[in-house]
Colleague: 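Okay, handing you the structure first.
Remember, it's 1-based here, ligands and their atoms both numbered in the order they're listed. None of the values given here were measured: they were computed from a predicted structure.
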Amino acid sequence: TRKRASHTMSNAQSSRRYLIAGNWKMYKTVAEAKEFTRTLYDQIREEESLLPDIVLCPPTIALDAVVHAIEKTLGGAPFSVGAQTMESHDEGAYTGETSPKMLADLEVEYVVIGHSERRQYYNEVDETVNAKTKAALAHQLTPIVCVGESLEQRESGQTDTVVTSQVEAALQGIAASDFEKLVFAYEPVWAIGTGKTCEADEANRVCALIRQTIGKKGSAEQTRILYGGSVKPENSDQLLGQSDIDGALVGGASLKTDSFSAIITAAVNQKKGAVVSA
Ligand code: PGA
């Protein structure tokens, strides 16, 4: 039983701003990260007024350089910086980890939490996702909480149960007044890095389900819900035109400025279309 999306308006007509985040994973040296930031700025600066929120998530070691490139070199380009993961504690004996306090100190504004690669290879589980989400909020970092089913779970009809339970677990103990600060990303594991994109209407259905799940505990009207998994210029118009998809978490296509800026332009065009049809 497939429920239709609860909203008839597209994001472009809603009060939620689009958010396009690039997750570079373990790619790019510090020098490459700085170069990317400058080139991207040159490609998108003309659209300044209609730009979505843009978040660059470089490897931890390049965070400071990208923040610096945006603020000092580019005089405050319209990008924010996000970390790809973090610890939940402020400090302590956690060899190799980075704390929310350290990220906030660097003026990092976002943090990806519970990415499927972290869940799969680094033992990230629902409990740590919840602890990290709370820690992010405590340090005024915007968490981008990733949820999504594996291929096996999808094929055995467990998509909705898996996604709902991951969302509920992430929200444990979080005040409803904080829901507008949260960002969720629906990232079906089988679509990540595989070139297989989830069909736009199915991605929208699951994003609407995420919104309904949050909505049971408070208002989810302002919570942004992204889609991630093989987003590229060719499919971004369709995905971003959906009612409950408020942006994209982009992996592979965020590594090249041409493809990433084309996805940003797709969000700009949705907003332009909304202005024209209003
Ligand atoms: P992909 O990665 O765009 O390369 O599929 C998405 C992600 O891991 O967030």
Colleague: Just jot down the salt bridge (Lys or Arg N to Asp or Glu O under 4.0 Å) partners of Glu124, sequence neighbours excluded, or say none.
Modeller: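 Only Lys132 meet the salt bridge (Lys or Arg N to Asp or Glu O under 4.0 Å) criterion with Glu124.
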
Colleague: Please check if any side-chain donor atom of Tyr186 sits under 3.5 Å from a side-chain acceptor atom of Gln166, or the reverse.
Modeller: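 Not at all, the side chains of Tyr186 and Gln166 share no donor-acceptor pair under 3.5 Å.
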
Colleague: Are Asp126 and Arg119 close enough for a salt bridge, meaning some N to O gap below 4.0 Å?
Modeller: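 Yes, charged N to carboxylate O under 4.0 Å.
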
Colleague: Can you pull every nitrogen or oxygen pair between ligand 1 and the protein closer than 3.5 angstrom?
Modeller:
residue: ligand 1; atom: 2 (O); partner: Lys25; partner atom: NZ; Å: 3.4
residue: ligand 1; atom: 3 (O); partner: Ser230; partner atom: N; Å: 3.4
residue: ligand 1; atom: 3 (O); partner: Gly251; partner atom: N; Å: 2.9
residue: ligand 1; atom: 4 (O); partner: Gly252; partner atom: N; Å: 2.8
residue: ligand 1; atom: 5 (O); partner: Gly193; partner atom: N; Å: 2.6
residue: ligand 1; atom: 5 (O); partner: Ser230; partner atom: N; Å: 2.7
residue: ligand 1; atom: 8 (O); partner: Lys25; partner atom: NZ; Å: 2.8
residue: ligand 1; atom: 8 (O); partner: His115; partner atom: NE2; Å: 2.6
residue: ligand 1; atom: 9 (O); partner: His115; partner atom: NE2; Å: 3.3
residue: ligand 1; atom: 9 (O); partner: Glu187; partner atom: OE1; Å: 3.2
residue: ligand 1; atom: 9 (O); partner: Glu187; partner atom: OE2; Å: 2.7

Colleague: Do Leu171 and Glu168 come close enough that some side-chain heavy atom pair is under 4.5 Å?
Modeller: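 A side-chain contact is absent here, since even the closest heavy-atom pair is not under 4.5 Å.
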
Colleague: Is Arg224 salt-bridged to Asp53, cutoff N-O under 4.0 Å?
Modeller: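 Looking at Asp53 together with Arg224, the answer is yes, because their closest N to O distance falls below 4.0 Å.
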
Colleague: Strictly by modelled atom types, are Trp190 and Glu149 linked by a side-chain donor-acceptor pair under 3.5 Å?
Modeller: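 Yes.
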
